[in-house]
Amino acid sequence: MTAPIALVTGASAGMGRDIAWALAAAGYDLGLLGRRSEGLEETAEGVAAAGRRSISLIADVCDATALSAALDDFLAWSGDRVDVLINAAGWTGPLSPPIHEISVEDFDATVATNLRAPFLTLKRLLPVMYAQGAGRIVNMGGNHGMRGRAGRAAFSASKWGLRGLSRTAALEAGPHGVTVNLIAPGPVAVPRMKANWRAQAQAEGVAEEVILARYMQAMGAALGQPSEPQDVVAMVMFLVGEGGGAITGQELIIDGGVIV
Ligand SMILES: NC(=O)c1ccc[n+]([C@@H]2O[C@H](COP(=O)([O-])OP(=O)(O)OC[C@H]3O[C@@H](n4cnc5c(N)ncnc54)[C@H](OP(=O)(O)O)[C@@H]3O)[C@@H](O)[C@H]2O)c1
């Protein structure tokens, strides 16, 4: 029996990598898409260790031509099949400037990464799933796409837009047996975030716990601590597994109780 096939964007780091490894452990062969070959190599090693095959696809998702070429390569490799698509590539964009100080270039790049790229992967891969009569798609949003946040205009707007894309895709894809859902994480302790917290603690000469406690308090998180990547991975695996068959068009917030 041939293995099911998944494509994960943003597979060279963070949650995309962890999701790819979880899918490999569940028996999927994988398309791994990102910009950094060394990051993708490390993910591919984990996939191979689970006994599964992968293809590394190097592309900047903001570059529509490069993304299209990577999707061509993926489909040639997979034999025009894709059972699961995870749009995990994302960029926080400018971190604190108010709207009047955000450059047009930064705004456009944030939207291109977080919204246009998922549109492009859906545009290309939905027909493949329609031909199969089945497929599961998970788009990674963010809890700042569920509410406004001062200093995160580009990120919030792009992730908010992704909700509209995901809900509309769910309505269009449902009759073809394809589900589309969005996960909206809050702060997740991925290596990038941990490095930020460590750097801030060093800059202020305080313990990392102090920075974290302050950050989570400012966020108003009920649980008072960041989520772990595995919290998000578990939800992805639920949505693409047996339990997720009748769930579509939904937004699953995993943020320790910020949006309540
Ligand atoms: N971590 C959090 O606290 C958090 C909170 C809310 C939402 N999210 C969302 O969850 C998803 C995963 O976040 P993360 O923190 O786990 O990721 P991360 O560690 O920041 O890694 C980002 C991933 O996206 C890829 N990527 C970014 N821009 C890209 C581009 N232009 N072209 C191709 N690949 C690109 C990176 O590839 P390269 O490294 O190869 O460039 C990397 O694989 C993102 O959509 C993010 O917005 C995360």
Side-chain angles (χ1 to χ4, degrees), residues 7-22 30-44 46 56-71 74 85-95 105-106 108-118 120-121 137-147 149 152 154-163 165-166 182-197 212 215-216 219 221 225-233 235-236 251-256 258-259:
L7 174 66
V8 180
T9 75
S12 52
M15 288 183 269
R17 165 178 287 164
D18 289 327
I19 292 164
W21 284 343
L30 279 136
L32 306 170
L33 194 145
R35 285 174 300 195
R36 292 174 307 111
S37 59
E38 66 278 16
L40 290 176
E41 252 166 52
E42 206 179 321
T43 309
S56 292
L57 306 154
I58 297 170
D60 181 338
V61 297
C62 297
D63 179 342
T65 308
L67 179 54
S68 174
L71 294 173
F74 168 71
L85 165 64
I86 311 291
N87 277 309
W91 185 43
T92 314
L95 267 186
E105 291 73 21
D106 276 353
D108 282 351
T110 313
V111 172
T113 309
N114 296 340
L115 179 56
R116 195 182 66 165
L120 291 171
T121 57
I137 297 172
V138 179
N139 293 327
M140 295 294 288
N143 73 345
H144 291 137
M146 313 300 294
R147 65 166 191 176
R149 167 99 191 264
R152 295 283 194 286
F155 184 71
S156 180
S158 64
K159 294 293 191 182
W160 209 303
L162 187 58
R163 294 169 61 194
L165 180 70
S166 303
L182 177 138
I183 293 180
V188 181
V190 296
R192 171 181 62 85
M193 295 289 278
K194 287 207 240 180
N196 288 346
W197 294 326
L212 258 189
Y215 182 57
M216 297 312 294
M219 295 276 291
Q225 56 190 16
S227 308
E228 291 299 323
Q230 287 310 316
D231 297 325
V232 174
V233 170
M235 179 57 79
V236 170
E251 293 156 354
L252 292 312
I253 303 169
I254 304 178
D255 68 355
V258 176
I259 309 289

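Atoms within each ligand, like the ligands themselves, are counted from 1 in listed order.
In terms of heavy atoms, Val232 sits closest to Pro185 at CG2-CB, 4.4 Å. The minimum heavy-atom distance linking Arg116 with Ala64 is given by the pair NH2-N, 4.1 Å. Summarising the geometry of Leu71 relative to Thr121, their closest heavy-atom pair is CD1-CA, 4.2 Å, with the distance given to 0.1 Å. Between Thr9 and Ala89 the shortest heavy-atom distance is OG1-N, 3.0 Å. Considering every non-hydrogen atom in both Met216 and Pro226, the closest pair reads CE-N, 3.7 Å. Considering every non-hydrogen atom in both Pro94 and Thr110, the closest pair reads CD-OG1, 3.6 Å.
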Quiz item: Yes or no on side-chain contact (heavy atoms from CB on, under 4.5 Å) for Met193 and Leu212, after CA distance, side-chain angles and deciding distance?
Solution: CA-CA 10 Å; Met193 295 289 278; Leu212 258 189; over 6 Å; no

Quiz item: Under the side-chain contact (heavy atoms from CB on, under 4.5 Å) criterion, do Leu57 and Leu7 qualify, and how do the steps go?
Solution: CA-CA 10 Å; Leu57 306 154; Leu7 174 66; 3.7 Å; yes

Quiz item: Are Asn114 and Val111 close enough, and set up right, to give a side-chain contact (heavy atoms from CB on, under 4.5 Å), and what steps lead you there?
Solution: CA-CA 5 Å; Asn114 296 340; Val111 172; over 6 Å; no

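Ala109 does not count as a contact of ligand 1, since none of its heavy atoms falls under 4.0 Å from the ligand. For Gly186, the heavy-atom gap to ligand 1 drops under 4.0 angstrom. Using a 4.0 Å heavy-atom cutoff, Lys159 is listed among the residues neighbouring ligand 1.
Two residues are said to be in side-chain contact when any heavy atoms from C-beta on lie closer than 4.5 Å; Met219 and Asp255 fail this criterion. Within the 4.5 Å cutoff, no side-chain heavy atoms of Met15 are placed close to those of Val233.
Considering CG of Asn139 and CD1 of Ile86, their distance stands at 8.5 Å, rounded to 0.5 Å. Within the model, atoms CG of Leu165 and CG of Leu182 stand 9.5 Å from one another, a figure rounded to the nearest 0.5 Å.
Residue-level proximity to ligand 1 for Pro226 is absent, since no heavy atom of it falls below 4.0 angstrom. At a heavy-atom cutoff of 4.0 Å, ligand 1 is contacted by the side chain of Val190 but not by its backbone. The parts of Val188 lying near ligand 1 are both backbone and side chain, judged by heavy-atom distances below 4.0 Å. Contacts with ligand 1 closer than 4.0 Å are made by side-chain heavy atoms of Met193 only, the backbone lying farther away.
Between Pro185 and ligand 1, a contact under 3.5 Å exists for no N or O pair. An N or O contact shorter than 3.5 Å is missing between Pro187 and ligand 1 by distance. Between Gly10 and ligand 1, at least one pair of N/O atoms sits closer than 3.5 Å. The distance criterion of under 3.5 Å between nitrogen or oxygen atoms is met by Arg192 with respect to ligand 1. For the pair Met15 and ligand 1, the shortest N or O to N or O distance falls below 3.5 Å. Looking at Arg35 next to ligand 1, an N or O pair under 3.5 Å apart turns up. Residue Asn114 places no N or O, backbone or side chain, under 3.5 Å from any N or O of ligand 1.
Taking all heavy atoms of Pro118, Ala195, Ala88, Ala189 into account, the minimum distance to atom 11 (C) of ligand 1 is reached by Ala88. Heavy-atom proximity to atom 32 (N) of ligand 1, evaluated over Leu67, Val61, Ile19, is greatest for Val61. When Gly141, Pro191, Ala11, Ser158 are ranked by how near their heavy atoms come to atom 7 (C) of ligand 1, first place goes to Gly141.
Nearest non-hydrogen protein atom to atom 39 (O) of ligand 1 is Arg36 NE, 2.8 Å. Counting protein heavy atoms only, atom 31 (N) of ligand 1 is closest to Asp60 OD1, 2.8 Å. Scanning all protein heavy atoms for the shortest distance to atom 36 (C) of ligand 1 gives Ser12 OG, 3.9 Å. Protein heavy atom in closest approach to atom 21 (O) of ligand 1: Ala13 CB, 3.8 Å. If you check which protein heavy atom lies closest to atom 22 (C) of ligand 1, you get Gly90 O, 4.0 Å. Nearest protein heavy-atom neighbour of atom 33 (C) of ligand 1: Ala59 O, 3.3 Å.
Atom numbering of ligand 1 starts at 1 in the shown order; those under 4.0 Å from a heavy atom of Thr113 are 28 (N). For ligand 1, the atoms lying closer than 4.0 Å to a non-hydrogen atom of Gly14 are 16 (O), 19 (O).
Using a 4.0 Å cut-off between charged side-chain N and carboxylate O, Arg17 and Glu42 make a salt bridge.
Ring orientation note: the planes of His144 and Phe155 are nearly perpendicular, at an angle over 60° on the 30°/60° scale.
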